[in-house]
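These notes are about the structure you will find just below.
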Amino acid sequence: ATLLRKPIKESKFFKSVQNFSGGQKQSSATEIKMLLKKNAHKIHILLADDNVMNQKVALRMLKSLEYTDVDVANNGAEVLEMFSKKFYHVVLMDMEMPILDGCQATTELRRRFTGTCIHIISMTANAFPEDWLRCYNSGMCRSLPKPVTHSSLHSELEFASGVISGVVECTQCCPKPT
């Protein structure tokens, strides 16, 4: 297995996928992208944001990227409630929400699902290093600064697809049980 260190460049990601084939026919970057895009409908995504406009924008972007299995939570408490009914591979988590904020909800998800691969991405306007550190320490794996761009969301979801499919290792997203 290949270990990729964050941040991951697209070229290294695709090279590791090609190496992953273990001597079989090497896939081109285009073939790999098509495979990840084809599997987009299999990824369960939870969008957690209390701002209705942010929800609409993110949902429109996700739909344009062909991610169709997307649910919305308005706060951290709803995130935990929704996880009790359905498993999500990816959570796009706002940092500041009422009732339970994104960091509190992430900490609780990691406690409840110890050792389970959940790709939690913070989406926040708080772009200072100490904000990212707080997100990381709570168990989030990656961060998207707001306003989120189409290309940055696409890159993060491609990375998440690689992690979920086991092509890329991410110990923050998929902690090994101790």
Side-chain angles (χ1 to χ4, degrees), residues 4-10 12-13 33 36-37 39-41 43-83 86-113 116-164 168 170-175:
L4 296 175
R5 304 239 184 254
K6 297 186 278 182
I8 294 176
K9 295 189 188 275
E10 185 175 354
K12 285 188 176 187
F13 172 74
K33 282 185 176 184
L36 292 175
K37 187 174 182 179
N39 290 325
H41 70 281
I43 295 175
H44 307 301
I45 299 174
L46 180 57
L47 171 64
D49 199 312
D50 60 316
N51 183 295
V52 175
M53 186 57 67
N54 289 344
Q55 292 173 359
K56 288 180 181 180
V57 170
L59 288 169
R60 194 173 308 122
M61 281 195 265
L62 290 165
K63 184 177 180 182
S64 75
L65 293 169
E66 299 182 25
Y67 291 92
T68 55
D69 188 358
V70 182
D71 294 323
V72 177
N74 296 297
N75 58 62
E78 285 184 17
V79 168
L80 299 176
E81 180 183 331
M82 294 174 82
F83 254 90
K86 177 180 177 180
F87 179 79
Y88 296 92
H89 299 99
V90 175
V91 182
L92 300 171
M93 184 84 76
D94 185 20
M95 189 175 172
E96 294 182 6
M97 294 183 290
I99 305 174
L100 274 182
D101 70 25
C103 292
Q104 293 167 323
T106 298
T107 299
E108 184 60 21
L109 281 175
R110 293 290 183 214
R111 187 189 69 74
R112 290 184 187 183
F113 297 94
T116 303
C117 187
I118 305 170
H119 200 86
I120 305 172
I121 304 166
S122 73
M123 295 194 336
T124 182
N126 301 342
F128 293 107
E130 57 270 16
D131 297 318
W132 165 236
L133 186 60
R134 185 171 164 240
C135 290
Y136 185 81
N137 287 337
S138 72
M140 294 185 197
C141 352
R142 312 272 288 183
S143 186
L144 285 172
K146 287 182 181 177
V148 175
T149 65
H150 192 272
S151 63
S152 64
L153 181 60
H154 182 253
S155 294
E156 285 299 326
L157 292 173
E158 273 193 341
F159 176 77
S161 295
V163 172
I164 293 160
V168 178
C170 178
T171 56
Q172 179 72 2
C173 302
C174 307

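Heads up: numbering here begins at 1 and tracks the sequence.
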| request: List in chain and number order the residues that pass side-chain hydrogen bond (donor to acceptor under 3.5 Å, both in side chains) with Q104, two or more places apart in sequence or in another chain; answer none if no residue qualifies. | output: none
| request: Would you check if L92 and V70 make a side-chain contact, meaning some heavy-atom pair closer than 4.5 Å? | output: no
| remark: Rounded to the nearest 0.5 Å, the OG atom of S138 sits from the CZ atom of R134 at a distance of 7.5 Å
| message | What I'd like to find out is whether the side chain of L65 reaches to under 4.5 Å of the side chain of H150, using heavy atoms alone. | response | yes
Indicate every side-chain donor-acceptor pair of residues 121-130 with a distance under 3.5 Å to a residue at least two apart or in another chain.
{"unit_1": "S122", "atom_1": "OG", "unit_2": "S143", "atom_2": "OG", "d": "2.7"}
{"unit_1": "T124", "atom_1": "OG1", "unit_2": "N126", "atom_2": "N", "d": "2.9"}
{"unit_1": "N126", "atom_1": "ND2", "unit_2": "E96", "atom_2": "OE2", "d": "2.8"}

| query | With sequence neighbours left out, what residues match A73 under side chain to side chain contact (heavy atoms under 4.5 Å, CB included)? | reply | L46, A48, E78, V79, M82
| field | Gap between atom CG of D69 and atom CD1 of I45 - 0.5 Å precision | value | 8.0 Å
| note | With sequence neighbours left out, the residues meeting side chain to side chain contact (heavy atoms under 4.5 Å, CB included) with K63 are none
| pair R110-I118: side-chain heavy atoms closer than 4.5 Å | yes
| field | Interatomic distance, L47 atom CG to D94 atom CG [nearest 0.5 angstrom] | value | 9.0 Å
| With L80, which residues qualify under side chain to side chain contact (heavy atoms under 4.5 Å, CB included), at least two apart? | L100, E108, L109, R112
| message | Show the nearest heavy-atom pair for residues M140 and C103, with the distance to one decimal. | response | CE-N, 3.8 Å
| said: So Y67 and V90, do their side chains get closer than 4.5 Å, heavy atoms only? | reply: no
| task | Just do the side chain to side chain contact (heavy atoms under 4.5 Å, CB included) check on R142 and H119 with the steps written out, would you? | result | CA-CA 8 Å; R142 312 272 288 183; H119 200 86; 3.7 Å; yes
| task | Name all pairs fulfilling the salt bridge (charged side-chain N to carboxylate O under 4.0 Å, His left out) condition that reach into residues 43-55, sequence neighbours left out, sorted by first residue then second. | result | D49-K146
| said: Is there a side-chain contact between T106 and C135 in this structure, where contact means two heavy atoms from C-beta onward sitting under 4.5 Å apart? | reply: no
| task | Check for a donor-acceptor pair, side chain of N51 on one end and backbone N or O of N54 on the other, with a separation under 3.5 Å. | result | yes
| H89 side chain to H44 main-chain N or O, any donor-acceptor pair under 3.5 Å? | yes
